[in-house]
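Each remark here refers to the structure printed beneath this line.
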Amino acid sequence: MRLATWNVNSVKARLPRLLEWLATTRPDVLCLQETKCAATAFPTAEVGELGYAVAAHGDGRWNGVAVLSRVGLDDVARGFSDEPGFPDPEARAVAATCAGVRVWSVYVPNGRTPDSPHYLYKLTWLAALRDALAADLSRGPLAVCGDFNVAPTDADVWDPALFVGSTHVTPPEREALAELRRLGLTDVVPTPMKGPHPYTYWDYRAGMFHQNKGMRIDLVYASGDLAALVGNAYVDREARKGKGPSDHAPIVVDLSDGS
DNA sequence: ATGACCTAACCATTAGGA
């Protein structure tokens, strides 16, 4: 199985690039974040022509997640039980079972600044996600993919000194990721196509991508049985190039047969 | 060259991203 995740920063604005990428990369399952459209407005027919079924969760302008699959899409769950909101739950998680693998696409709240109510929301949301995953993990192989808005280590930001006091790198955020790993989830660290750091996000501004000043904030967390099947895993930085890219690059993970 | 913000929404200014 080829599993991928991509924060597309609007599925409508990215549709031509998304379709081209699907046709060439041919993932079996793709998790999308920041689709920024209502579930009813998702371009289901367009991706359907490429053989993908869609489980979309979205309510308009902000957030929005989806799972695309060409190997089955069962037991779709939009959101999860006791999911925190701000104040109401947002479209930040969708799960489906694809060829026997429970796949989650998540878009973790940004947090803005450590003194913001949004930061507390982020930590609360991650703790609730942990509980929801714990319940799901007993059912079999599972992968949580998405934009976690947390850089797991200082090596995952281009200049750690610049991020002191900022969100995305604070100990409580990193501890929330550690809590996910304690469930038995493994951080599937992808190979960078260029340079030593598998960054997945580069700000649009100031030529950050061209200088490779990025962050690794998009993650694939796999249950142990699934992590053992990981072959090649890489960040597709080619998808960050050219005209009209997302500010995030996709992660592609190849799992050997048996998944 | 990869090339110096982008997106969606009460349409033009703003919230949000990280």
Side-chain angles (χ1 to χ4, degrees), chain A residues 5-18 20-21 32-43 56 58-66 85-88 90-92 106-123 125-126 146-170 172-174 176-177 192-219 234-250:
Chain A
T5 184
W6 193 7
N7 178 325
V8 285
N9 185 18
S10 171
V11 72
K12 288 181 191 170
R14 218 64 58 213
L15 188 58
R17 290 185 70 122
L18 173 63
E20 180 184 16
W21 188 84
L32 294 175
Q33 302 85 38
E34 287 208 83
T35 54
K36 294 185 175 178
C37 76
T40 51
F42 195 94
D59 48 24
R61 178 178 184 182
W62 307 117
N63 315 307
V65 287
F86 197 90
D88 301 316
E90 301 169 311
R92 296 185 175 276
V106 299
Y107 176 51
V108 176
N110 174 287
R112 301 190 185 181
T113 58
D115 60 354
S116 164
H118 291 269
Y119 177 79
L120 191 57
Y121 169 43
K122 179 181 196 173
L123 295 179
W125 195 90
L126 279 167
D147 180 354
F148 284 75
N149 273 318
V150 181
T153 73
D154 278 352
D156 296 313
V157 296
W158 64 274
D159 185 354
L162 283 181
F163 284 85
V164 173
S166 298
T167 184
H168 291 61
V169 300
T170 66
E173 290 168 276
R174 288 176 171 170
L177 291 188
M193 279 183 167
K194 180 184 178 183
H197 304 290
Y199 298 144
T200 63
Y201 162 84
W202 302 261
D203 196 294
Y204 282 123
R205 292 167 291 188
M208 298 292 272
F209 177 66
H210 328 294
Q211 302 170 67
N212 200 26
K213 293 178 176 177
M215 305 173 75
R216 185 171 80 97
I217 54 175
D218 299 271
L219 306 173
Y234 66 97
V235 180
D236 186 1
R237 73 188 302 281
E238 294 297 316
R240 180 63 177 79
K241 296 181 180 179
K243 183 176 175 59
S246 169
D247 44 1
H248 296 249

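Keep in mind it's a predicted model, so treat the numbers as computed, not measured. Order of the sequence lines fixes the chain letters, A, B, ..., with proteins taken first and strands second; residue numbering starts at 1 for each chain.
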Quiz item: From the list B/dA18, B/dA8, B/dC6, which nucleotide is the closest neighbour of the side chain of A/Arg14?
Solution: B/dC6

Quiz item: Which residue, A/Ala13 or A/Arg237, contacts DNA chain B at a nucleotide closer to its 5' end, judged by nearest heavy atom?
Solution: A/Arg237

Quiz item: When the nearest nucleotide of DNA chain B is assigned to A/Ile217 and to A/Val11 on a heavy-atom basis, which residue is associated with the more 5' position?
Solution: A/Val11

Practice problem: Would you confirm whether A/Thr200, through its side chain, and A/Asp218, through its main-chain N or O, come within 3.5 Å as a donor-acceptor pair? | Solution: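 Looks like yes, one N/O pair under 3.5 Å.
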
Quiz item: Where the side chain of A/Lys122 meets the backbone of A/Asn149, is there a donor-acceptor pair that is under 3.5 Å apart?
Solution: yes

I need the [atom1]-[atom2] distance between [X] and [N], as an integer number of Å.
X	N	atom1	atom2	answer
A/Asp247	B/dC5	CG	C1'	9 Å
A/Asp59	B/dA8	CG	C1'	13 Å
A/Arg240	B/dG3	CZ	P	9 Å
A/Lys243	B/dG3	NZ	P	10 Å
A/Asn7	B/dT7	CG	P	12 Å

Exercise. Answer with yes or no whether the side chains of A/Asn9 and A/Glu34 bring together a donor and an acceptor at under 3.5 Å.
Key: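 Looking only at side-chain atoms, A/Asn9 and A/Glu34 do not form any donor-acceptor pair under 3.5 Å.
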
What interatomic distance, in whole Å, is found between [atom1] of [M] and the corresponding atom of [N]?
N	M	atom1	value
B/dG3	B/dA8	C1'	26 Å
B/dG16	B/dC10	P	14 Å
B/dT7	B/dA1	C1'	27 Å
B/dA18	B/dT13	P	26 Å
B/dC11	B/dC5	P	27 Å

Quiz item: In Å, rounded to the nearest 0.5 Å, how long is the span from CG of A/Leu32 to OG1 of A/Thr5?
Solution: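 Rounded to the nearest 0.5 Å, the CG-OG1 separation comes to 7.5 Å.
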
Quiz prompt | Separation between CH2 of A/Trp202 and CZ of A/Arg237, rounded to the nearest 0.5 Å | solution =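 The CH2 atom of A/Trp202 sits 6.0 Å away from the CZ atom of A/Arg237.
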
What contact category does [X] fall into here, base, sugar-phosphate, or nothing, at under 4.0 angstrom with non-hydrogen atoms?
X	result
A/Asn63	nothing
A/Thr167	nothing
A/Tyr201	sugar-phosphate
A/Glu238	nothing
A/Tyr107	sugar-phosphate
A/Gly111	nothing

Might you list the N or O atoms of the protein lying below 3.5 Å from N or O atoms in nucleotides 9-16 of chain B, with each pair's distance?
from   : atom 1 : to       : atom 2 : distance (Å)
B/dG16 : O5'    : A/Arg112 : NH2    : 3.3

Quiz prompt | Salt-bridge contact A/Lys241-A/Glu238 (side-chain N to carboxylate O under 4.0 Å) | solution = yes

Quiz prompt | Short N-O contact, A/Asp154 and A/Arg174, less than 4.0 angstrom | solution =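 Counted as a salt bridge, because a side-chain N and a carboxylate O are separated by less than 4.0 Å.
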
Exercise. For DNA chain B, determine which residues of residues 202-213 of chain A have any heavy atom closer than 4.0 angstrom to one of its atoms, and list them numerically.
Key: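 A/Tyr204, A/Arg205, A/Ala206, A/Gly207, A/Phe209, A/His210, in order of number.
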
Quiz item: Do other residues, nucleotides or ligands put more than 12 heavy atoms under 6.0 Å from the CD atom of A/Glu20?
Solution: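 Count not over threshold, so no.
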
Practice problem: Search all heavy atoms of A/Ala155 against all heavy atoms of A/Tyr199 and return the closest pair with its distance. | Solution: O-CE2, 4.0 Å

Practice problem: For this output row, return yes or no: ring centroids of A/His168 and A/Phe163 closer than 6.0 angstrom. | Solution: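 When the ring centroids of A/His168 and A/Phe163 are compared, they turn out to be at least 6.0 Å apart.
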
